[in-house]
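Below is one structure; the comments refer to it alone.
Naming: A, B, ... by sequence-line order, numbering from 1 per chain.
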Amino acid sequence: MQPQYEPSVVEAEAQAFWADRRAFAVKEDPNRQSYYCLCMFPYPSGRLHMGHVRNYTIGDVITRFLRMQGYNVLQPMGWDAFGLPAENAAMKNGVPPAKWTYENIAYMKRQLQSLGFALDWDRELATCQPEYYRWNQWLFLKMLEKGIAYRKTGVVNWDPIDQTVLANEQVIDGRGWRTGAPVEKREIPMYYLRITDYAQDLLDALNDMPGWPERVRAMQANWIGRSEGVRLSFPYELGGEQRLLSVFTTRADTLMGVTFVAVAAEHPLATYAAQSNPQLAAFIEECKRGTAQEAEIALMEKKGMPTGLFVDHPVSGERVPVWVGNYVLMTYGEGAVMGVPGHDERDFAFALKYNLPIKQVIEVAGAEPAFTDQQWHPWYAEHGTLIHSGKYDGLDYQQAVDAIAADLKAKSLGDKHVQWRLRDWGISRQRYWGCPIPLIHCPKCDVVPVPEEDLPVVLPEGLVPDGSGNPLNKTPSFLDCKCPKCGGPARRETDTMDTFVDSSWYFLRFASAKNDKAMVDERANYWSPVNQYIGGIEHAILHLLYARFWTRVMHDMGLVKVQEPFQNLLTQGMVLNDIYSRRTGEGAIEYFNPADVTVQVDAKGARIGATLNSDGQPVEWEGMRTMSKSKNNGVDPTKLVEQYGADSVRLFMMFKAPPEDTLEWSDDGVEGASRFMRRLWRMVHEHVTAGLVSGAVSGELTDEQRNVRRAAHSTLQKVTDDLGRRRVFNTAIAAVMEFMNTLSKFEDQSPQGRAVRQEALELVVQMLSPIVPHAGHALWRALGHSDPLIDHPWPQPDPAALVRDSIDVVIQVNGKLRSQITVEASATEQQIREAALADSTVQKWIEGKPVRKVIVVKGKLVNVVV
RNA sequence: GCGAAAGUGGCGGAACUGGUAGACGCGCUGGAUUUAGGUUCCAGUGGGUAACCCCGUGAGGGUUCGAGUCCCUCCUUUCGCACCA
């Protein structure tokens, strides 16, 4: 054994050993309990960032721990390889996206391997490979057959930078989720998947997913957004024709308080009115621009303009004016709302601003202050009893809704309705680097699906986009084809699929790797569902909801047995680092990497300032944020591995914070982890150089030997629980560190003492091995074992070692800690009570006061109440 | 505004079931080794106090023999969603 810990040597050796044996390639084995541990696969952007390292280390610790516990563990890895950055890189460097992507994959794969993750590389896939995406196409055609996929022309979100349509879910604050560009509205034919057909099921199932964080379930439920109400229509006449203006409301009880109706700028009625009203047309244009651009700014300003049109109240028949409102969303409900200023805060403000009547129709008993049309009070929006509502007067909320819905239904002007916030998933993208949608446009036969036997429609890989739209449109070898129906000349569809399609089922493909006859096979049922899924919270809605939907579709087609793809979900926290900056002359800000900055501290170690190493001048600390290029606070994993070794990096990341919390990067912390590794190595080395002994401890032990053994086995108990049930790794590592502090004070060199130390070190190495597997591998061999540690069963605590003959009991007087006594482990409650009261310190505290009550918590504490 | 989570030393965090607050690590202080720096090792490190002790988990109340943990009110921060009808 080397006296010095040299991570580069140790790690290269262990990695070669595992690779030679193909140690992590797993086979389906019905006789063994399967466990599928999956980390969200990376986009091959070029290099790994620390978030990846954290993500995959968490997965690796779980994988290795469960493997030692006897599970047949699958941990695969692949590449979410289609997407826009490859096209951007292509435009910048003139390199085809395919080349760029495959080069990145090769580099990142080496990085992953250098970190020693226990991955089954035999199952590796990249979503840009035809062997993978042909099954996207295949299932898309099946969905088309079943009507789950459909074509629709409609108003869509248009990203002017990406030149592409965004799904509703991909618009964040009116901006493209990747480009940040203000989203415009456009009409375009595209393909949708009927995720709304599954809305109820996707929502209901959330209640039965205890393995998911409450937070993520709440986010999904909000996103799906079920609301119950009434859909009703206001009749009107236009050009001599009877028409209906529909709205949805959750407050049908306030129907008699309607004094106006507001429609979205994109609403057909608004468009019609604008034809003869240039002022209104201008306002509508402003709204269309405004909503996109000013999502953050225009929070309060509610603007509107009358259309000059009127509709009839569906119950009273009164004429109600129609307004265009900038606060009405075309994408939700009917694109129109009924205005009830008396009982909706937004409508109230709107009515006040434009002098529309405000009518009270709900009374809330005891509500203060009294209703006035001058000032809004929160109680106006509460449920109550109807007034000024004719025959509905006196009804409560539910009675009113029921009665009004029934009356509307009788007139064919409305009914109860469930409205969803969730919209169907538009998957068409006007982009090159994605999975081609397998359709053919024939001048005679319209849109014709590519026959199954002609799949895959292969994406040509050599094209270089130049920013002027999809290069497929300029590639006759791709475009030109024959119509499968009539055999005439036809044009191939050039739209590609949203990359969320690719990631919606890759986990099932890992489990059916390399099958060129079917999308998935029986192996998927062996491994499914994914027992532990690990990834960032940023995927809480989009990816996870789409994957749940897609899996259900596959289930309903009889392809897989599961409906819910992910049994347990762990959303790991972000990795943060300090941000240092300086204001340069022209108001610009220059950022400095924390590695180039020295922090000044006071005598207690508190931060008082920071200076730049190169010039010694102060820099400003802006707090901690996620690592990013723009803030120049990134850390390169490969450099770290070279400097400290993969094990120290892994150890630091697992030790610094619980997996779900944010992790604050610190160079000192990695130093600390590295110090711990050297210390562990030294302890084993010192022990081993004195000659190997068996760790099988038997016979009489001294008190000290027994204490060390007990500490070792109770540490094992805690670590097993932390890694297994609790899934927190920082406390497991802390427990081992604590035990090592005990062990380093144990100097007994007798044969029995050395056997105790041998056993203790073996346990330490085993307990840490899921976290620091390379050092674990080397130290296990140094301790005299020829079997590889990865195949060694996880140790069991020895019950005999855990037995105590005496227990320390703390004593409180009136709830304040006053003393401590040691009692026999077998002592009865009565004996503990007597011993506590007899204690001299306790005597002093209760002197002269009557003892009112004595509470004994067995094995822990006594509280004397005086 | 709605939903979720969180506020504990100089810092990251621990305290899992209501039972010794601050485990473990970083940083800092002192010492030993070293020509020096680094490494390594030893000791100390919540605040107040000479000490006995007292005070301490965002603020204020409550329940309890006992509260960081449970309940109520409030404040702050973070994350997600949001003119959602």
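Considering only residues two or more places apart in sequence or on other chains, A:Asn707 meets the side-chain contact (heavy atoms from CB on, under 4.5 Å) condition with A:Arg710. By the salt bridge (Lys or Arg N to Asp or Glu O under 4.0 Å) test, A:Asp415 is found to be paired with A:Lys409, residues two or more places apart in sequence or in another chain being considered. Every residue two or more places apart in sequence or in another chain that forms a ring pair (Phe, Tyr, Trp, His ring centres under 6.0 Å) with A:Phe348 is listed here: A:Trp376. Remark: A:Arg226 engages A:Glu228 in a salt bridge (Lys or Arg N to Asp or Glu O under 4.0 Å) (not counting sequence neighbours). In this structure A:Phe65 satisfies the ring pair (Phe, Tyr, Trp, His ring centres under 6.0 Å) test together with A:Trp794, sequence neighbours excluded. Under the salt bridge (Lys or Arg N to Asp or Glu O under 4.0 Å) criterion, A:Asp721 pairs with A:Arg725, not counting sequence neighbours. By the ring pair (Phe, Tyr, Trp, His ring centres under 6.0 Å) test, A:Trp212 is found to be paired with no residue, residues two or more places apart in sequence or in another chain being considered. Every residue two or more places apart in sequence or in another chain that forms a ring pair (Phe, Tyr, Trp, His ring centres under 6.0 Å) with A:His417 is listed here: A:Phe248.
Salt bridge status for A:Glu847 with A:Lys844: absent, with no side-chain N to carboxylate O gap under 4.0 Å.
Because its glycosidic torsion is within 90° of 0, B:G9 is reported here as syn.
Nearest to the side-chain atoms of A:Arg421 among the listed nucleotides B:C81, B:C79, B:C83 stands B:C81. Set against B:G80, B:A4, B:A85, the side chain of A:Leu329 has B:A85 as its closest nucleotide.
Between A:Leu422 atom CG and B:A82 atom C1' there is a gap of 16 Å when expressed in whole angstrom units. In this structure, the CE atom of A:Met574 is 16 Å from the C1' atom of B:A6, given to the nearest Å.
As rounded to the nearest Å, B:G12 and B:A4 have C1' atoms that lie 23 Å from one another. Separation of the C1' atoms belonging to B:G3 and B:C55 is 38 Å when rounded to the nearest angstrom. Nucleotides B:G62 and B:G18 are separated by 15 Å at their C1' atoms, to the nearest Å. When the C1' atom is used for both B:A67 and B:U57, the distance is 11 Å, rounded to whole Å. Nucleotides B:C11 and B:A23, compared at atom P, are 15 Å apart to the nearest Å. Separating the C1' atom of B:C52 from that of B:C42 is a span of 30 Å, rounded to the nearest Å. Look at the C1' atom in both B:A59 and B:C75: the space between them is 7 Å, to the nearest Å. The same atom, C1', is picked in B:U40 and in B:G19; the two are 40 Å apart, to the nearest Å.
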Look for any protein N or O under 3.5 Å of an N or O in nucleotides 54-57 of chain B and output each such pair with its distance, or none.
{"unit_1": "B:C54", "atom_1": "OP1", "unit_2": "A:Arg818", "atom_2": "NH2", "d": "3.2"}
{"unit_1": "B:C54", "atom_1": "OP2", "unit_2": "A:Arg818", "atom_2": "NH1", "d": "3.3"}

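Within the 4.0 Å cut-off from OP1 or OP2 of B:U40, at least one side-chain nitrogen or oxygen of A:Arg678 is found.
Close placement of the A:Trp323 and A:Tyr354 rings is indicated, their centers lying within 6.0 Å of each other.
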| remark: Output field dot_bracket for RNA chain B (Watson-Crick or G-U, both distances under 3.5 Å, | for other-strand pairs) contains (((((((..(((......[....)))((((((.......))))))(((....)))..(((((..]....))))))))))))....
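Using a 3.5 Å distance cut-off with no hydrogens or angles, the side chains of A:Thr611 and A:Thr598 do not pair a donor with an acceptor.
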Could you pull out every donor-acceptor pair under 3.5 Å between side chains of residues 857-866 of chain A and any protein atom, sequence neighbours left out?
{"unit_1": "A:Asn863", "atom_1": "OD1", "unit_2": "A:Gly815", "atom_2": "N", "d": "3.0"}

| query | What string of B, S and - do you get for nucleotides 7-29 of chain B 5' to 3' if you count protein non-hydrogen atoms under 4.0 Å? | reply | ---B-SSSSB--BB--BBSSBS-
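Among the protein residues, A:Arg346 comes within range of the nucleic acid bases, having at least one heavy atom under 4.0 Å from a base atom.
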